[in-house]
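For reference, the structure discussed in these notes is given below.
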Amino acid sequence: MTKQIFEAVNLKNGQTFENRLVMAPMTTQCSFHDGSVTDELIKYYATRADGPAAVIVESTFIDNYGRAFEGALGADSDDKIPGLRKLASAIKEKGSKALIQLYHAGRMGSPELNMGRQPISASNIKALRDNAVEPRTLEIDEIEAQIELFADASRRAMEAGFDGVELHGANTYLLQQFFSPHSNRREDEWGGSRESRTTFAERVVEKVKETAEEYGKSDFIIGYRFSPEELEEPGINFDDTMYLLNTLAEYPIDYFHFSINNWQRTSIIDTDDEELLIDKYLRARNSSLKAIPIMGQGVLNLRKMHKMH
Ligand SMILES: Cc1cc2nc3c(=O)[nH]c(=O)nc-3n(C[C@H](O)[C@H](O)[C@H](O)COP(=O)(O)O)c2cc1C
């Protein structure tokens, strides 16, 4: 086990993670009110960037109206680039690769956080949580615009010197909202069937890759984080997730990142099923998925894991 943790991992795009430890994205709510980088944020990340192969900077909004909480970090405008550049440099100087997680809150946002704007989503279905606000259904041209916003934020990450982005397709934010049959009730090409609900994620990945190529950075890392299941009915199940990952695997994804609160998690839908979700994934993955490293996380106890293997 010890040997594996310190073994390098080669990514499809030619980049290498020098070991198998990565700092998970964790929101600090330490940015300025407009989402720009503070000195505290730089110190926080610089202190932790000595050791892990990569540091994934916390969820960062791509749209001024897409915040999920106060003090969130933003990559929504070019004036954020100088601060982001300081942040990326502080991480890279300590030896870790610098990645940044990009998200839009969608229906997880609220008017209070977004200058009075009603949240947007694939459809006008409220999230199942207290005080959720009914979102506005995006028009087709607005969906295209959101894809551009992911690409623009990725371009800013490149200009700031980040080694890559992690697209936040988890934790019920906009990317997940398009894939989920609970939040996506559309009947056009962006919803309805599982295939159509996958289109938004596909187009975002494709556009970010195109942007990297245009920018002369074919080795820019593109990761994708996902939540494997939802409790909502209808909701995402593990088969759906395998469909999503198999589809995205055909695009240039460099790693997939599980979002689970415990690496030993079993199904939250079928509570009689005792197989770990990660084992289920390893059993189900095909040769395309085998070529893509996965990140697991949640309550990692290396001593206990060592005893188990
Ligand atoms: C304070 C805090 C903030 C977090 N913020 C994010 C985030 O911005 N993006 C994300 O994908 N996950 C976020 N997470 C989840 C973590 O990335 C990770 O999955 C979780 O902490 C489980 O791992 P652990 O048991 O090692 O803490 C956050 C977790 C915590 C505790």
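One-based numbering, in listed order, for ligands and for the atoms of each. Quick caveat, the model's predicted, so the values are computed rather than measured.
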Leu87 and Leu73, any side-chain heavy atoms less than 4.5 Å apart: yes
Protein residues having a heavy atom less than 4.0 Å from any atom of ligand 1: Ala24, Pro25, Met26, Thr27, Ser59, Gln101, His168, Asn171, Arg225, Gln297, Gly298, Val299
Those residues that, when tested against Glu40, pass salt bridge (Lys or Arg N to Asp or Glu O under 4.0 Å) (two or more places apart): none
Derivation of the ring pair (Phe, Tyr, Trp, His ring centres under 6.0 Å) call for Phe258 and Tyr281: CA-CA 10 Å; Phe258 273 78; Tyr281 169 79; 5.6 Å; yes
Which residues share a ring pair (Phe, Tyr, Trp, His ring centres under 6.0 Å) with Tyr255, sequence neighbours left out: none
Pair listing, ring pair (Phe, Tyr, Trp, His ring centres under 6.0 Å) test, anchored in residues 162-197, at least two apart: Tyr103-Tyr173, His168-Tyr173, Phe178-Phe200
Salt bridge present between Arg155 and Asp78 (N-O < 4.0 angstrom): yes
